[in-house]
Amino acid sequence: MAQMNKLDFRPLPRSFYTRRTLTVAKELLGKYLIRVIGRHVIAGKIVEVEAYGGEDDPGSHAYRGMTPRNRVMFEEGGHAYVYFTYGKHYCFNVVTERRGVPGAVLVRALEPIYGIEIMQRNRGVREILNLTNGPGKLTQAMRITKEHNGLDLTEGREIFISQPETPERFEVVSTTRIGLRQGADKPWRFYIKGNKFVSKK
DNA sequence: GAGAAGATCTCCT
DNA sequence: GGAGATCTTCTCA
């Protein structure tokens, strides 16, 4: 088994994130989301995402301009946007585009790679298929909270995203987003075809 | 300052 | 398949 040393992984550079939101969303599929907690490393492969825009996207928090909550969406790409919802759950997003242009990609599901025992403990669930197959589940498994809102993902510290050690080929499926009242018509959800950890078919 | 809705999950039937 | 939990944030008065 591979060494679970975080030095094996390098954070993606700023230039990966400061592009169009839809481009970043599709390219995030297959990448590893890495969470470092003290000496422990948790990693999951990103298998499902949703893109959120600005004033062109009624489904986005940034649709009506900047508020204290969505401020990070207007930051330079490469930051973490974490918000609390439904009184229980955190959702983890990756900010995209250049500074001043709102955009983010919601990470909806991961395939567990490393630190599975830690994720089982954090979730209070043993079933691996039920560990990270939803936006609220993966933040609980990786212990991501509002403390991480605004974190810079290019620094490679507590949370970052890296290339997998052995990239695989896969097909991307594009569908409409989930759980929205507004903007539900836009096909801005992307997932890896056939992956068991995708939250909904 | 009040009221309503929400990028969800879990448990129950 | 459906409803309740639970609380933050936004909107409007």
Nearest-0.5 Å distance, OG1 of residue A:T132 to CD1 of residue A:I46: 11.0 Å
Return yes if a side-chain donor-acceptor contact under 3.5 Å exists between A:E97 and A:T21, otherwise no. yes
Hey, could you give me the CG/OH distance between A:L106 and A:Y83, rounded to the nearest 0.5 Å? 5.5 Å
Pairs counted as Watson-Crick or G-U wobble with both distances under 3.5 Å: what dot-bracket string results for DNA chain C, using | for bases tied to another strand? |||||.||||||.
What are the two closest heavy atoms between A:R143 and A:R35, and how far apart are they? O-NH2, 3.0 Å
If I compare all heavy atoms of A:L33 with all of A:I161, which pair ends up nearest, and what's the gap? CD1-CG1, 3.8 Å
Just checking, is any N or O donor in the side chain of A:H61 or A:Y81 under 3.5 Å from an acceptor N or O on the other one? yes
In B/S/- notation, 5' to 3', how is nucleotides 3-13 of chain B contacted by protein heavy atoms closer than 4.0 Å? ---BBBSS---
Test log, rule salt bridge (charged side-chain N to carboxylate O under 4.0 Å, His left out), inputs A:E75 and A:R99: CA-CA 5 Å; A:E75 281 290 325; A:R99 187 183 303 278; 2.8 Å; yes
Cationic tip of A:R108 above A:Y191 ring, under 6.0 Å, 45° of axis: no
Whole-Å gap separating C1' (C:dT9) and CE (A:M66): 16 Å
